[in-house]
Structures are given as structure tokens and as C-alpha cells.
K.L.:
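Structure in C-alpha cells, see below.
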Protein chains: 2
Amino acid sequence: MSTSSDDLRAIALAEFATAGYSATSLHRIADLAGLSKSSVLYHYSSKETLLEATIAPALDRMEQILDALEARTLSPEGRTAFLAEFVDFILQYRLEVNMFINQGPSLVDVPVIDRANDLVVRLSEYFAANTGSVEEKMRFGIALGGAAYMLCRADSLNFESAPIEQTRVALVNILTELLAPVDPITTNRI
Amino acid sequence: MSTSSDDLRAIALAEFATAGYSATSLHRIADLAGLSKSSVLYHYSSKETLLEATIAPALDRMEQILDALEARTLSPEGRTAFLAEFVDFILQYRLEVNMFINQGPSLVDVPVIDRANDLVVRLSEYFAANTGSVEEKMRFGIALGGAAYMLCRADSLNFESAPIEQTRVALVNILTELLAPVDPITTNRI
DNA sequence: TGCCAAACTGACCGATCGGTCAGCTGCTGT
DNA sequence: ACAGCAGCTGACCGATCGGTCAGTTTGGCA
């Protein structure tokens, strides 16, 4: 396969995530790739097609994780195991996640974004965001949006780059603390 | 004072926050206000001026909070008191906060956005994000980005509207849990 | 009434947007 | 040697962008 398609996808991902989809022109993507705008439209028939190719792999992986998750029983152990899996997903696809977290609402009516939003709803339902208390719902929202924000803006907030494993462990800790089920008797976190 | 200016500012804020700055045209803002594009440019000499008028009040308030904060001593009590103040700020200016949290990096070289980014850096320094552990920095990033994300996307995540006071209390709880200082002896959260 | 400034408008401008198209280049299989 | 195709390009298109400008409407005040 030609590397141009993959290059374009990677460049588009970085630009879409950092500058925003509508603020990124095909001309700029072409320049960064050392190609002409026509060549970009040769590989991807439209800007929207390029967007779809950019985040589809992340959505496929997320769908796979959710499918496996919903097949299991909803035990606290399942939740904990899922969190590690979910953190790995975020770390691997942090640009894509940040993109449809931050820009999802502004890109409605784009099919691939609608698919992403559906996945977020499925995820929120797993964490009982629909039936839990207000604070439970807020915990889910903060964990999801916060992880996506922090992983993409770490550079601009004077974070020196940390070992990836250290980041992973810290993220699992924080998300577990935020999302662990509440003991229904004492209403304290267990 | 004419209400047109204020109407335009409110409309622009809502559009900039939900659809994004670069994805919102002056024509659309004018339509929503029932005016012509020329009238928008009569009240605000440029799109950037409108952006500045849109988020400047929130930045003024944030600067005021940070000034008062840095004048106090850096005690745990001061931290706790600040968190309540900070939560009130986020609740009052949630659209503005969400805007420069999510779109700040994509709007560099706009003076008012640079000012907003400087404020975020000041805030992160207060929480020792520079000198703390990796997990401490991540907690700050998740709290800031997560609160901004959750408050603006609550509607789209099947959150039925909750009483504002309940939201406020829950947010203070969560942010306190995320940002409370670590006991240096036991390295457990106190 | 007449006047003037604030509010507002439509016509217009250059730039840039996403996208189309005809054609050029270089490699591969026969 | 030649056919064919993938990769790539510049010229061009209509639409829309932010912004300018001359001119009209409107409302309060002398």
C-alpha cells in the first residue's frame, strides 16, 4: 500500500485534534504532507471521508471493547477490569478520543461522529449514568472528559513527559477512584 | 444601553461554545439575532473583537479569584475555600470556560485566548502541578477539563436537569476528592 | 418641525473554502 | 516497445468567509 494515505490520515488526525476539524483546511493538510490539495482529494474523496478514515479505527476498537463488556456480567470486578482496558484504549487513541469528545457536539450530522456519540452513550449507560445519582453522572462525565482533555493538553500545561507506564497506572488509579461503585448501604466509596 | 450588543454577545457565546469559533459565521450570528451581518460588525468591529467581548467577563472574574487566592497563604483550608469559589465560577461561566478549555489550543495568537491560557497556567501552578507527582498533575488536568466538559455536555448525556445546588455540592465533592493535598507521610489521601 | 447621531442595511470586495476535471508522470506487466 | 494504471498536479468552479462602505432608517432632543 502507498504510504501517502497513511501519512495523510496521521497528519489529518493531528491537525483535526489540535486545530479543530473546521479550522483545518485541505490545503494545510496537503502542505504538511508535501502534496497538493488535489492529491489529498485523490486519496480521500472528500474532507468528511478523511475525517471518517481518521477516527474510524478508534471507533472500531471502542465498539469491540463495549461489545465484550456488555457480554460479561456487570460485576465490580468486571468494572475494574474494564477500566484498565479503557485506559489502554484512551492512551492508544488519545488524539481521536480528544477529538470526538471536544468536537463531537459541533460535528453533528456527520455519520462517523454520530456513531462516536452513540458509543459514548453506550459507555455512560454502562456506568449507570442514567439511573445513578446526580453525582454519579457527574463523576462519569468528569472522568471521560477530563481524561481526554488532560492527555492531549499535558504538553501545554508544563507536564514534562512521564514514562507511559507511570501515566497508565496513575490514570487507572484516578478513574477507579472516580468511577468505582458506591456502597449502597453506607453511601461511602468502597 | 442598546440590548443588541448584549444579545449578540450572548448568541455568539452560545454558538462559539457549542459549534466552535471557526465553525460559527458572522452571518449565522446575525441571523440568530434577527440582524444583518453588517449590524454585527457595527457593534463589534471584527469577529475577534466579538470573541473577546464574549469571554472577557469570565477572564476578569477568574483573574480576580486568582489574585485573591495568591494573596492568601497556601493552607489546606485556603484550598478548600478556593474550590467552592472556583466551582461557583465554573457554574456561572460554564460556556466560557468550556470554550477556552476545548478551543484554547486551536485559537493561539488571539490575545484574549493567550490571556485565558495564562490564567490556566497560574491555576495549575497553584495546585502544584509543576512540582507535584505525575498523578498530581493528572488529577489537576482531569478536574479542570472534566468539569468543563461535563457541565456543557450534561444535556447530551441523558442528564435530566438537576437542581443547581445539588450540582454545586456534587461538583465541590468531586473536585475536593480529586485535588485535596496528599498526606506526605502515608501518601494516602487525607 | 428640523436636526443629528445611533442603529442598521445591501452591495460589494478579496481571500479562502471544498471540490471537479483534464492531463502529466513514472512504474509494471506483457 | 507499448499499454495501462496509480499517483499526482494546476487550473478552475461556485460558495462562503470576514470585512468595507455609502447610504437609509429611526428615535430623541432642541
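Each chain gets a letter, A, B and so on, in the order its sequence line appears, and its residues count up from 1.
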K.L.:
Quick one: is A/Ser38 getting a side-chain N or O under 4.0 Å of the D/dT9 phosphate, OP1 or OP2?
P.N.:
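Checking D/dT9 against A/Ser38, no side-chain N or O comes under 4.0 Å of OP1 or OP2.
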K.L.:
Would you indicate what A/Leu41 reaches in the nucleic acid, counting non-hydrogen atoms under 4.0 angstrom: base, sugar-phosphate, or nothing?
P.N.:
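If one applies the 4.0 Å heavy-atom cut-off, A/Leu41 turns out to touch a base.
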K.L.:
A/Val169, B/Met138: one ILVMFWY side-chain cluster at the under-4.5 Å cut-off?
P.N.:
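Hydrophobic grouping puts A/Val169 apart from B/Met138.
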K.L.:
If I take atom CD1 in residue B/Ile29 and atom C1' in nucleotide D/dG18, what distance separates them, rounded to the nearest angstrom?
P.N.:
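For the pair B/Ile29 CD1 and D/dG18 C1', the rounded distance is 11 Å.
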K.L.:
Taking the side chain of B/Ser39 as its heavy atoms from C-beta onward, which of D/dC17, C/dT9, C/dG19 lies nearest to it?
P.N.:
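Of the options given, the side chain of B/Ser39 lies nearest C/dT9.
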K.L.:
If you look at every strand shown and take non-hydrogen atoms under 4.0 Å, does B/Ser25 touch a base, only sugar-phosphate, or nothing?
P.N.:
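Sugar-phosphate: the residue B/Ser25, judged by heavy atoms under 4.0 Å, touches backbone atoms but no base.
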K.L.:
So which nucleotide from D/dG18, D/dG10, C/dG18 ends up closest to the side chain of B/Lys47?
P.N.:
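Of all the options, the side chain of B/Lys47 is nearest to D/dG18.
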K.L.:
On DNA chain C, check which nucleotide each of A/Ser45 and B/Leu35 is closest to and give me the residue with the more 5' one.
P.N.:
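Nearest nucleotide further toward 5': that of B/Leu35.
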K.L.:
Under 4.0 Å between a side-chain N/O of B/His43 and OP1 or OP2 of C/dA6, yes or no?
P.N.:
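The answer is no; no side-chain N or O of B/His43 sits under 4.0 Å from OP1 or OP2.
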K.L.:
Please determine whether residues B/Ile164 and A/Val134 belong to a single hydrophobic cluster, defined as Ile, Leu, Val, Met, Phe, Trp and Tyr linked transitively by side-chain heavy-atom distances below 4.5 Å.
P.N.:
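Yes, because B/Ile164 and A/Val134 connect within a single hydrophobic cluster, where side-chain heavy atoms sit under 4.5 Å apart.
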K.L.:
Between A/Tyr126 and A/Leu59, is there a shared hydrophobic cluster once you connect ILVMFWY residues whose side-chain heavy atoms come closer than 4.5 Å?
P.N.:
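They do share one cluster, since a chain of ILVMFWY contacts under 4.5 Å joins A/Tyr126 to A/Leu59.
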K.L.:
Describe the nucleic acid contact of A/Ser22 in one word from base, sugar-phosphate, nothing, applying a heavy-atom distance below 4.0 Å.
P.N.:
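The answer is nothing, as A/Ser22 stays clear of every strand by at least 4.0 Å.
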K.L.:
Which listed nucleotide (C/dC17, C/dG19, D/dG18) is nearest to the side chain of A/Leu26?
P.N.:
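It is C/dG19.
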K.L.:
To the nearest angstrom, how far is A/His27 atom NE2 from C/dA15 atom P?
P.N.:
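One finds 14 Å between P of C/dA15 and NE2 of A/His27, rounded.
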K.L.:
With a distance cut-off below 6.0 Å to the six-membered ring centre and an angular limit of 45° from the axis, does A/Lys47 pair with A/Tyr21 as a cation-pi contact?
P.N.:
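Geometry flag: set, cation within 6.0 Å and 45°.
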K.L.:
Mind calculating the distance between OH (B/Tyr44) and P (D/dT20) to the nearest angstrom?
P.N.:
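Going from OH in B/Tyr44 over to P in D/dT20 covers 17 Å.
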K.L.:
Does a side-chain heavy-atom distance below 4.5 Å link A/Asp60 with A/Arg115?
P.N.:
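Yes, side chains in contact.
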K.L.:
To the nearest Å, how far apart are A/Leu51 CG and C/dC17 P?
P.N.:
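Nearest whole value for this atom pair: 17 Å.
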K.L.:
Quick one: on DNA chain D, does B/Thr24 or A/Gly34 contact a more 5' nucleotide (nearest heavy atom)?
P.N.:
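In this pair, the answer is A/Gly34.
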K.L.:
Please report the distance, rounded to the nearest Å, between CG in B/Asp31 and P in C/dC8.
P.N.:
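Taking CG of B/Asp31 and P of C/dC8, I get 15 Å after rounding.
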K.L.:
Measuring to OP1 and OP2 of D/dC8, would you say a side-chain N or O of A/Tyr42 lies under 4.0 angstrom away?
P.N.:
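A/Tyr42 to D/dC8 OP1/OP2: no side-chain N or O under 4.0 Å.
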K.L.:
Is the base of C/dG19 touched by the side chain of A/Lys37 through a donor-acceptor pair closer than 3.5 angstrom?
P.N.:
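Indeed there is one.
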